[in-house]
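Before any comments, here is the structure.
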Amino acid sequence: MTDEPYIIFGSPIITQAEIQSVVSTMDSCWIGTGPRVHEFQAKMAAYTQAKHALAVGSCTAALHLSMVVSGVGPGDEVITTAMTFCATANAIVHTGATPVLVDCQRDTLNIDPRAIEAAITPRTKAIVPVHFAGRPCDMDAIGAIAKKHGLLVIEDAAHAIETEYKGKKVGSISDLTCFSFYVTKNITTGEGGMVTTNNPELAKKIQTYGLHGMSADAWSRFSDKGYKHYAVVFPGFKYNLTDLAASIGLVQMDRIEPWLRRRNEVWARYEAAFADLPVERPATPEPNTVHARHLYTLLIRDDAPVDRDTFMGELHRRKIGTGVHYRALHVHPYYRDRFGYHPEQLPNANWIGEHTVSIPLTQKLTDREVDRVITAVRDVLGGR
Ligand SMILES: *Cc1c(COP(=O)(O)O)cnc(C)c1O
């Protein structure tokens, strides 16, 4: 139906600059964890205005490690949203703690602070808010609940590297914040993640527990300063990032702001183009916040000519990739069966999970591709 190439959902931009950066790292022979990782950490700390940034192999590792260093374990409960990627809750399960999934708000798709408050028990140890699509959660309300009940806040900022909340960068707000550099995220290292914190003790533990529980990393052990003994202080994990990955991230970081501007342009075109369709569009951002524009989601209303899955099939036929972010976690077999959730227990997440679709929103999209997406969406949804 079109001779034009398939628009792959979430395809990253990789230029000669990234390639040359990796090549020069390979030439240096420091391909494991070394100077490039340290540089990447410093750059992320500066960008997020956090005191410490520790690189890890993924956001999943970042979430797991953040909980372990905070002492989350068996017998504890951790509250998070059902409207998230499975990694958020899987990381809780891996600590031995119980994930307590609560509902999201119908309009913002973010965790509902009232639902958090209602789910608190004497076993609650932490709250894991997820800044859905890059829109900041209500951190004032969440911070107040955490303070009142003595709980940790660990933010899942996989979508939210550019996000700001009332003048503060995400990464500098809570106890710990976890970022992702997975291929489809706003910037990528192939695979990668970062934990930021203002707490020097947590930072030290992240570094140690993230690399076997050894007291010093390989770079400082085998540098030209001579061999140093290490001491194992905890049965840690192999969660370190490589210099190869960091050398991609260092280049991508310089593009964060122009890329966000481009996604803002695409977002504005979608907003104008879909106003008359039988869909719910993303909620308008709150004043005094920066939305990271990671996903543009449409909720296909019940009075639309097609349902969500048919819509996705029709876009695929027009060579446009789409995604679902997310089918609610509490309806997935593991969470449903192990913890006994019913779909209607979290009605917003359940409804959104059945009706939501994400259309392409990356800096890579050309104006011509945006035209194609708009034409296809309007065509399938009966727009004239
Ligand atoms: C992508 C994602 C993760 C996992 O990130 P990885 O770096 O792939 O481990 C976690 N949470 C959310 C909300 C995500 O979108």
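Residue indices begin at 1 and follow the sequence shown. Here the structure is a predicted model, which is why all the values come from computation and not from measurement. One-based numbering, in listed order, for ligands and for the atoms of each.
- In this structure, NZ on Lys205 lies 9.5 Å from CG on Asn199, to the nearest 0.5 angstrom.
- Here Tyr296 pairs with Trp267, Tyr270 under the ring-ring contact (aromatic ring centres under 6.0 Å, His included) rule; sequence neighbours left out.
- Between His159 and His294, the ring-plane angle classifies as tilted under the 30° and 60° cut-offs.
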Please tabulate, for the side chains in residues 51-64, all donor-acceptor contacts under 3.5 angstrom to protein atoms that are two or more places apart in sequence or on a different chain.
from  : atom 1 : to     : atom 2 : distance (Å)
Ser58 : OG     : Thr60  : N      : 3.4
Ser58 : OG     : Ala61  : N      : 3.0
His64 : ND1    : Tyr239 : OH     : 2.8

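- Judged by the 6.0 Å distance and 45° axis criteria, Arg106 is positioned over the aromatic ring of Trp351.
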Under a 3.5 Å threshold, I'd like every N/O contact between ligand 1 and protein atoms, with atom names and distance.
from     : atom 1 : to     : atom 2 : distance (Å)
ligand 1 : 5 (O)  : Ser180 : OG     : 3.3
ligand 1 : 7 (O)  : Cys59  : N      : 2.8
ligand 1 : 7 (O)  : Ser180 : OG     : 2.7
ligand 1 : 9 (O)  : Cys59  : N      : 3.3
ligand 1 : 9 (O)  : Thr60  : N      : 2.9
ligand 1 : 9 (O)  : Thr60  : OG1    : 2.5
ligand 1 : 11 (N) : Asp156 : OD1    : 3.4
ligand 1 : 11 (N) : Asp156 : OD2    : 2.7
ligand 1 : 15 (O) : His159 : NE2    : 2.8
ligand 1 : 15 (O) : Lys185 : NZ     : 3.2
ligand 1 : 15 (O) : Tyr326 : OH     : 3.1

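- Other members of the cluster containing Leu260 are Val290, with ILVMFWY side chains joined at under 4.5 Å, either directly or via other members.
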